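To start, the structure under review is shown below, and the notes come after it.
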Amino acid sequence: MATAENVLEGLADIVNEIAGIPTEDVQLDKSFTDDLDVDSLSMVEVVVAAEERFDVKIPDDDVKGLKTVGDAVDYILKHQS
Amino acid sequence: MNTTNRTVVVTGIGATTPLGGDSASTWDGLAAGRSGVRALSEDWAAGLSVRIAAPAAQDPSELLPRPVTRKLDRSTQFAVLATREAWADAGLEGRAGEAGAPVDPARTGAVVASGIGGVTTLLAQYDTLRDKGARRVSPHTVPMMMPNGPSANVGLEINAQAGVHSPVSACASGAEAVGYAIEMVRSGRADVVVAGGTEAAIHALPIAAFSNMMAMSKNNDEPQKASRPYDVGRDGFVLGEGAGVVVLESAEHAERRGARVYCEALGQGLSADSHHIAQPEPSGRGVAAAVQNLLENSTLKPSELAHLNAHATSTPQGDLAEIKALRKVLGEDLDGVAISATKSMTGHLLGGAGGIETVATVLALHHRLAPPTLNLDQVDPEVDADIVRGEARALPSGSIAAINNSFGFGGHNVVLAFRSV
């Protein structure tokens with residue numbers, strides 16, 4: 001099982017790959033759209049990459065609730081199989 | 001001010017082509033008679049009957065960051081890079097409306113065409129669907145494959161709000177885009193429009209498809225000799241990739257902001273063959289009608305024509321039909337026209353052709369030099385015109401005009417005219 005730290009690190013790598021944001025800027029309080037240049041289309045890419053990396057399923061309806069990196073970390077920790 | 005017939009000028013140029021990553025290196029290649037064609041030694045080409053092409057000299061993914069390239073099809077990447085060059089060349093910095101670009105966004109347009117759109121994106125995403133499943137198909141697939149993707153992204157790049165358009169007419173698309181943009185400025189709809197064409201289709205499937213139409217050269221052994229417009233040994237076109245765009249501007253607007261002017265854009269002539277979906281009409285009737293249409297709808301006089309950038313793709317039928325048409329309309333005035341078939345060097349960029357050949361035509365007037373036509377060892381005896389062969393040829397001083405022809409599968413004929421300043 002991944003820890004919160006592992007998940008944050010993993011998300012930082014994913015956001016870096018997709019949006020080009022430096023990994024150190026990907027912090028729990030950051031908003032994907034407002035702070036990290038991840039638009040709604042790129043968010044789908046982030047979600048699919050996170051699903052693979054952390055072995056979770058994130059249904060489209062739940063993606064809307066993931067406003068910040070912290071939201072995503074919490075969601076992934078809660079739903080990891 | 002007469003708002004329905006304003007004078008239109010070219011104030012910026014940009015290109016990324018098989019001859020170079022910008023318009024200057026492209027022009028150097030054209031003037032020197034360099035070929036951009038090479039053998040396709042990649043594994044994916046091994047089973048094809050055509051294993052030659054003219055790839056872009058500069059891979060766009062080396063200039064654009066990865067987060068950008070994953071969202072932009074290669075054809076759009078070319079268009080964006082050519083636009084950045086042209087926009088800066090026109091003395092504009094940043095998006096329209098910003099301090100460095102004193103242009104009203106509401107009077108700024110973009111018309112950048114592609115003949116095929118994001119075909120390699122579509123094919124790659126199909127591979128993903130088949131191999132990895134539906135969930136992995138990129139959410140950027142639709143904006144990447146839509147044929148208006150290049151124009152839309154160029155519009156975003158420069159903040160174009162007067163209109164963003166993408167005429168599609170196969171290999172005439174780029175020229176049709178430039179013609180459409182000239183009309184936007186001439187009619188008063190816009191003051192500044194970025195216009196041109198782009199294509200990125202060097203992939204096994206398009207090559208197999210064009211090859212099975214018997215449209216492509218199969219001279220795999222001598223790639224640089226394969227594209228040979230007007231030569232008796234011509235056997236089809238060579239596929240190229242890249243983009244060319246120009247900044248078109250009303251003369252008044254250009255003067256007001258002190259912009260450098262390359263030449264005047266006189267207008268376009270249009271027609272359709274209505275003959276066959278892929279074969280050119282052999283007498284050149286449709287092409288002649290387009291040239292006639294140009295003469296009726298612009299101030300161009302046949303006697304001032306000094307240069308022609310021909311469509312001349314190196315196919316047996318098409319090259320002849322074009323010359324016959326020109327002779328029919330221009331008569332003896334064709335004798336004073338130095339004809340260049342630059343596809344002998346760049347290959348055929350399909351929807352990008354009209355873009356890079358507009359750039360070539362503008363630069364030919366600017367430098368007063370007609371590029372050579374490569375590989376013209378033995379001119380087809382039916383070619384009754386003055387083809388520039390061997391070396392580039394100087395064009396006369398004084399006021400001269402040039403036309404750029406582009407024709408496309410479907411019978412689309414587009415002729416554009418420019419005049420020196």
Side-chain angles (χ1 to χ4, degrees), chain A residues 2 7-27 30-69 71-72 75-76 78-81, chain B residues 59-77 79-81 84 94-95 98 117-118 120-160 164:
Chain A
V7 175
L8 177 60
E9 258 174 48
L11 282 174
D13 286 344
I14 289 168
V15 171
N16 173 259
E17 163 73 13
I18 289 167
I21 303 292
T23 50
E24 60 270 25
D25 292 354
V26 182
Q27 299 293 340
K30 292 287 168 67
S31 154
F32 285 106
T33 46
D34 299 339
D35 302 321
L36 302 177
D37 206 22
V38 176
D39 65 13
S40 59
L41 296 184
S42 295
M43 189 62 195
V44 178
E45 288 188 285
V46 170
V47 164
V48 172
E51 285 183 335
E52 287 228 328
R53 184 152 180 156
F54 303 113
D55 195 24
V56 286
K57 283 272 162 281
I58 310 176
D60 290 347
D61 285 346
D62 290 354
V63 174
K64 292 184 206 78
L66 308 181
K67 303 281 188 217
T68 65
V69 176
D71 295 340
Y75 188 97
I76 289 165
K78 204 166 138 194
H79 293 85
Q80 263 182 337
S81 45
Chain B
D59 195 314
S61 64
E62 289 172 8
L63 298 179
L64 296 165
R66 170 85 183 130
V68 171
T69 58
R70 62 187 295 132
K71 291 196 272 196
L72 301 182
D73 179 75
R74 189 171 170 88
S75 62
T76 295
Q77 294 174 26
V80 165
L81 289 172
R84 285 181 186 172
R95 302 173 85 218
E98 291 178 5
T120 58
T121 291
L122 177 63
L123 292 165
Q125 291 302 320
Y126 178 72
D127 290 344
T128 299
L129 173 68
R130 187 194 51 213
D131 299 340
K132 297 178 180 168
R135 184 68 172 157
R136 294 287 298 276
V137 170
S138 168
H140 303 293
T141 303
V142 170
M144 288 173 79
M145 64 178 263
M146 61 193 197
N148 54 317
S151 220
N153 279 288
V154 165
L156 287 168
E157 182 82 16
I158 63 169
N159 197 14
V164 172

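Here the structure is a predicted model, which is why all the values come from computation and not from measurement. In what follows, chains are A, B, ... by sequence order, proteins preceding strands, each numbered from 1. Just so you know, these numbers use all the heavy atoms, side chains as well, and skip hydrogens, waters and symmetry mates.
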Interatomic distance, B:Arg135 atom CZ to A:Glu52 atom CD [nearest 0.5 angstrom]: 10.5 Å

Which portion of A:Ser42 sits near chain B, non-hydrogen atoms under 4.5 angstrom: both

Heavy atoms of other groups near A:Asp37 CG, more than 12 under 6.0 Å: no

Contact leader toward chain B among A:Leu41, A:Ile21, A:Asn16, where contacts are heavy-atom pairs under 4.5 Å: A:Leu41

Under 4.5 Å from any heavy atom of chain B - which part of A:Val15: neither

Region of A:Glu51 in contact with chain B, defined by heavy-atom distances below 4.5 Å: side chain

Spatial distance of atom CZ (B:Arg136) from atom CD (A:Glu45) [nearest 0.5 Å]: 10.5 Å

Heavy-atom proximity to chain A below 4.5 Å, by part of B:Arg70: side chain

Criterion side chain to side chain contact (heavy atoms under 4.5 Å, CB included) on A:Ile18 and B:Lys71, from CA distance to verdict: CA-CA 9 Å; A:Ile18 289 167; B:Lys71 291 196 272 196; over 6 Å; no

